[in-house]
Amino acid sequence: MPQKQKRNSNGAKKNNNNAHKKNFNNNRNRSNFEGPRKPAAPDIHAITYTEGITVGELAEKTGRQSSDIIKMLFMEGKMVTINTALDDDTVELVCINYDIEPTKVKEREEDTLVFDGDKPENMMERPPIVTIMGHVDHGKTTLLDTIRKSKVAAGEAGGITQAIGAYQVEIDGRKITFLDTPGHEAFTAMRARGASVTDIAVIVVAADDGVMPQTREAIDHAKAAKVPIVVAVNKIDKPAANPDHVMQEMADLGIMPEEWGGDTIFVRTSAKKGIGIDDLLETILTVADVKELKADPDHVGTGTVIEAKLDKGRGPVATLLVQTGTLKQGDPIVVGSCFGRVRKMTDENGHELKKAGPSTPIEVIGLNDVPEAGDLFRAFENEKEARALADRRRRRKIESERRKSSAMTLEDMSEKIESGELKEIPIIIKADVQGSAEAVKTSMEKLEVGDVHINVIHATAGAITESDIMLADASHAMIIGFNVRPDANIRKKAEEAGVEIRLHNIIYKATEEMENAMKGLLEPVYEDVTIGEAEVRETYKVSKVGTIAGCMITDGKVTNTSSVRLIREGIVIYDGKLGSLKRFKDDAREVLKGFECGMTIQNYNDIKIGDTMEFYEAREVPVE
C-alpha cells in the first residue's frame, strides 16, 4: 500500500511539473520572449491569403508549426500534409482556432506571371504578331512559305500544317512575326488558356472558291478575340477567280472592304506566283502602325508558349514567344507550372541566340517538364524564387483542375446579372438550316433587360462541333442548339470543358428561357435527358408494320418507353416515340450498350442505314 501511495505521489509531482512547463510556455507565447531558443508564435490577429494556399504557407503566415495545424485538422477529420492546398473553409477553420481573421486576396502579380512594370520612357516599337487563318486548301501555308522563301509546305504530309510554328521575317528593316497554325482551333485553344498573342489576323480566302464554312468560323474566332482583320484574296491567277464575289460574300458577313467604305483592307494575292505579297506585308505594317505596338525591352522576359514537345535526345522543348522584356540565355524561368533555366535558345532557323527581345519566337531547352500551348512564362532574377513559384503553381493546378470551368451555365449568368457583375451574355447558335440560325440570332439580339444584352459571337447551320466547344470555352459562352443534337463525344467534351449546351426546337422557348435568365428569374424547367444512342445498320420494310430498323446500341441504353430523335448528319429529322423494341423475336423492356435490337418509330418510316437514333426522357430539373 505505501508503494502505491508513493507512485501516486510521484505521478502527481510529474503532473505538477507538466503544468508548470505548460504555464511557462503560455507565458512565453504571451510575451515577446527572445532567447537562445526559437521564439513562440507571434501575436498575429489577421492574415491575407490567396487561392490554393498550402498548409506550410498557412503555418508561416500564422506563425504556427505545420505539425500543429496538421494535428488540428486531423482531429477535425481532415487528412493533410505540409504541401496540401487548402480550400477557403479549411483556412477559415484553422484561423478561427487561432483567433485570427483571414482575408482572401487575388494572386500576386508574380504568381500570375504577369509583369506590369513597363516604364513609358523605355517603351519601344515591337514587331506585329500575325496569325494566318482560313479554310483548308485556300493557301495559308503556301502564302507563308512564299513570304519566308522556304519550302515548308512541300515537306508537310498532304500539305497540312502538322504543328504550330512561329517565324520572323524582315521587310525593309522592319520585322513581322507570323504564327503558322493548323487553323482557328489552335488559335482559340490558346485563347481558352488565357493567352492573347495575336495582334493581327490575316484571313485567307481563295478567289475561285469563295467563303467556306471554315472561313466563317475563322472570322467569328478573330472577332471574338477582338483583333483587326486583313483579308488576303488568294489564287487570283486562276481562271475561275472572282475577287469581287469574295468581297461581296465577306461584306455580307460584316467584313466590309475599305474600298467600299468599310474598315477592312482586302489584298489580292497569288501565293504560288508571288503576286501581291509585298502589298500584303505593307498592309500588315500599316495596321500595326495604327495599333502603335510597343513593349519595354529592359525588364525580364515574359510571354506565351506557342507549342511544346518531349524530344528523345533533348528533353522538354518549348517554342516561346517573348511578348515583353528580354529573355537571356541562363535565365531562371517559370513556364505555367514548369520550372527551368534557359540552357539554350534558338531561332526558327536553328541559329543559337544569347538574348531575345519582344515579339521574338524562340525554341528553348532546359525545362523540367513539357508545358501546354498557351501557358504564360516569365524569367526571374532569383532561381530559388522561381522554383518556389513553379512548385506553388503546380500544386494549385492539381487542386483546381477538378473544379475548373471557364464557361458559364445559364444559372451562373442569372446570378451574375442579378448581382450586377454581367452586362453581356455571349452565346453561340447552331441550327439545322441557316435560316433558322439567322432567325434565332435576330430574336436573341432583340432581347434587352436593363443594361444586359446578348452578344451572338457565332451563328451558323450544322451540327455542334468540337470547334464550337473550344470557341465557347475561350469566350465564356454557352451554346444554343436549334433542331440539332450533339453526339456522345461532343457532349463529353462539353462536360469536360464546362460548356453548357441548351437545346430547343421552338424559337420563343429559347428566347423566353434566355429572357428569364436575364431577369434573374430562371424557373425550374423540364429537361430532355439523353439516356442512349443507337446506329441504324439495317432496315426492313414490313407491310402493316412499316420500317423496322436493325440497330446497334452505341451508348447508354434504350427503353420501350423512350422518346426518340432520328438524326441524319447531325440534323434532327424526326422527333417522336418508339413504336416497338425487340431482341430477336421477343419484346424487350430495355437494351443496353453493345447489343443489337430491332425497333420502329411511331408514325414514321423514313429511316435509312447510317442514321443515328437518340433516346431521351423528359425530367424536371429544378434550378439549384
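In this text, all values refer to a predicted model and were calculated from it rather than measured experimentally. Just so you know, residue 1 is the first one in the sequence shown, and it goes up from there.
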Legend entry - Gly210 versus Val246, closest heavy-atom pair with distance: CA-CG2, 4.0 Å
Inset, instruction - Output the distance between atom CG (Asn234) and atom OG1 (Thr146), rounded to the nearest 0.5 Å. - result: 8.5 Å
Legend entry - Inter-residue atom distance Ile255.CD1 - Thr264.OG1, 0.5 Å rounding: 5.0 Å
Legend entry - Within-4.5 Å side-chain heavy-atom neighbours: Val287 and Val230: yes
Inset, instruction - Verify, without hydrogens or angle tests, whether Glu57 (side chain) and Thr54 (backbone) share a donor-acceptor contact under 3.5 angstrom. - result: yes
Inset, instruction - Please round to the nearest 0.5 Å and tell me the distance separating atom CG of Asp375 and atom CG of Leu320. - result: 10.0 Å
Legend entry - Pair Glu383 + Arg387: basic N to acidic O under 4.0 Å: yes
Legend entry - Ile236 to Ala241 - nearest heavy-atom pair and separation: O-CB, 3.7 Å
Inset, instruction - Check whether more than 12 heavy atoms from other residues, nucleotides or ligands sit under 6.0 Å from atom CD of Glu352, and answer yes or no. - result: yes
Inset, instruction - Count the heavy atoms of every other residue, nucleotide or ligand shown that sit under 6.0 Å from NZ of Lys291, and state whether that count exceeds 12. - result: yes
Legend entry - Separation between CE of Met247 and CE of Met256, rounded to the nearest 0.5 Å: 10.0 Å
Inset, instruction - Check each of Asp237, Asp244, Asp279 against Arg268 using the salt bridge (Lys or Arg N to Asp or Glu O under 4.0 Å) test, and report the only one that passes. - result: Asp244
Legend entry - Any donor-acceptor pair under 3.5 Å from Thr360 side chain to Ala356 backbone: no
Legend entry - Nearest-0.5 Å distance that lies between atom CG in Asp263 and atom CD1 in Ile229: 9.5 Å
Legend entry - Residue pair Phe377 / Val335: nearest heavy atoms and the distance that separates them: CB-CG2, 3.8 Å
Legend entry - Min side-chain heavy-atom separation Val105-Tyr49 under 4.5 Å: no
Inset, instruction - Output all residues satisfying side chain to side chain donor-acceptor pair (under 3.5 Å) with Glu170, sequence neighbours left out; order by chain, then residue number. - result: none
Legend entry - Check: Leu321 and Ile362 side chains under 4.5 Å, non-hydrogen atoms: no
Inset, instruction - Run the numbers on Glu249 and Arg216 for salt bridge (Lys or Arg N to Asp or Glu O under 4.0 Å), then give the verdict. - result: CA-CA 10 Å; Glu249 285 185 303; Arg216 289 192 187 91; 5.6 Å; no
Legend entry - Cationic N near anionic O, under 4.0 Å, Arg174 to Glu282: no
Inset, instruction - Examine distances only and state if a side-chain atom of Gln329 and a backbone atom of Arg343 form a donor-acceptor pair shorter than 3.5 Å. - result: yes
Inset, instruction - In sequence, state the C-alpha distance, the side-chain angles, and the governing distance for Val202 and Thr131, and then conclude on side-chain contact (heavy atoms from CB on, under 4.5 Å). - result: CA-CA 6 Å; Val202 173; Thr131 299; over 6 Å; no
Legend entry - Any donor-acceptor N/O pair, Asp468 side chain to Thr465 backbone, under 3.5 Å: yes
Inset, instruction - Identify the heavy atoms of Thr269 and Gly276 that sit nearest to each other, and give their distance. - result: CG2-O, 3.7 Å
Inset, instruction - Answer yes or no: does atom NZ of Lys104 have more than 12 heavy-atom neighbours from other residues, nucleotides or ligands under 6.0 Å? - result: yes
Inset, instruction - Check whether any side-chain heavy atom of Leu327 sits under 4.5 Å from a side-chain heavy atom of Leu353, and report yes or no. - result: no
Inset, instruction - Check whether the side chains of Ser359 and Arg126 place a donor and an acceptor atom closer than 3.5 Å, and report yes or no. - result: yes
Inset, instruction - Taking the side chain as every heavy atom from C-beta outward, state whether Met444 and His453 have any pair of such atoms under 4.5 Å apart. - result: no
Legend entry - Neighbour count >12 (heavy atoms, 6.0 Å) for atom NZ, Lys223: yes
Legend entry - pair Leu253-Val211: side-chain heavy atoms closer than 4.5 Å: yes
Legend entry - Any Thr326 side-chain heavy atom under 4.5 Å of Asp298 side chain: no
Legend entry - Pro243 side chain reached by Val233 side chain, heavy atoms, under 4.5 Å: yes
Legend entry - Over 12 foreign heavy atoms within 6.0 Å of CD, Glu495: no
Legend entry - Criterion side-chain contact (heavy atoms from CB on, under 4.5 Å) on Ile147 and Phe178, from CA distance to verdict: CA-CA 10 Å; Ile147 291 170; Phe178 285 95; 3.9 Å; yes
Inset, instruction - Inspect the contact between Asp208 and Lys238 and indicate whether a charged nitrogen and a carboxylate oxygen are less than 4.0 angstrom apart. - result: yes
Inset, instruction - Take atom NZ of Lys272 as the centre, draw a 6.0 Å sphere, and report whether it contains more than 12 heavy atoms from other residues, nucleotides or ligands. - result: no
Legend entry - Chi angles and distances behind the side-chain contact (heavy atoms from CB on, under 4.5 Å) call for Leu285, Ile176: CA-CA 8 Å; Leu285 291 174; Ile176 301 175; 3.8 Å; yes
Inset, instruction - Verify the distance criterion only: is there a donor paired with an acceptor across the side chains of Thr177 and Gln168 at less than 3.5 Å? - result: yes
Legend entry - Residues Arg341 and Asp331 bridged, charged N to O under 4.0 Å: no
Inset, instruction - Measure across Val499 and Ala472 and return the closest heavy-atom pair with its distance rounded to 0.1 Å. - result: CG1-CB, 3.6 Å
Legend entry - Which atom of Pro102 lies closest to which atom of Val91, heavy atoms considered: CB-CG1, 4.4 Å
Inset, instruction - Could you please spell out the steps behind the side-chain contact (heavy atoms from CB on, under 4.5 Å) verdict for Glu217 and Ser467? - result: CA-CA 9 Å; Glu217 288 184 10; Ser467 176; 3.3 Å; yes
Inset, instruction - Consider only side-chain N and O atoms of Thr286 and Asp289, and report whether a donor and an acceptor are under 3.5 Å apart. - result: no
Legend entry - Nearest-0.5 Å distance, CG of residue Leu280 to CD1 of residue Ile284: 4.0 Å
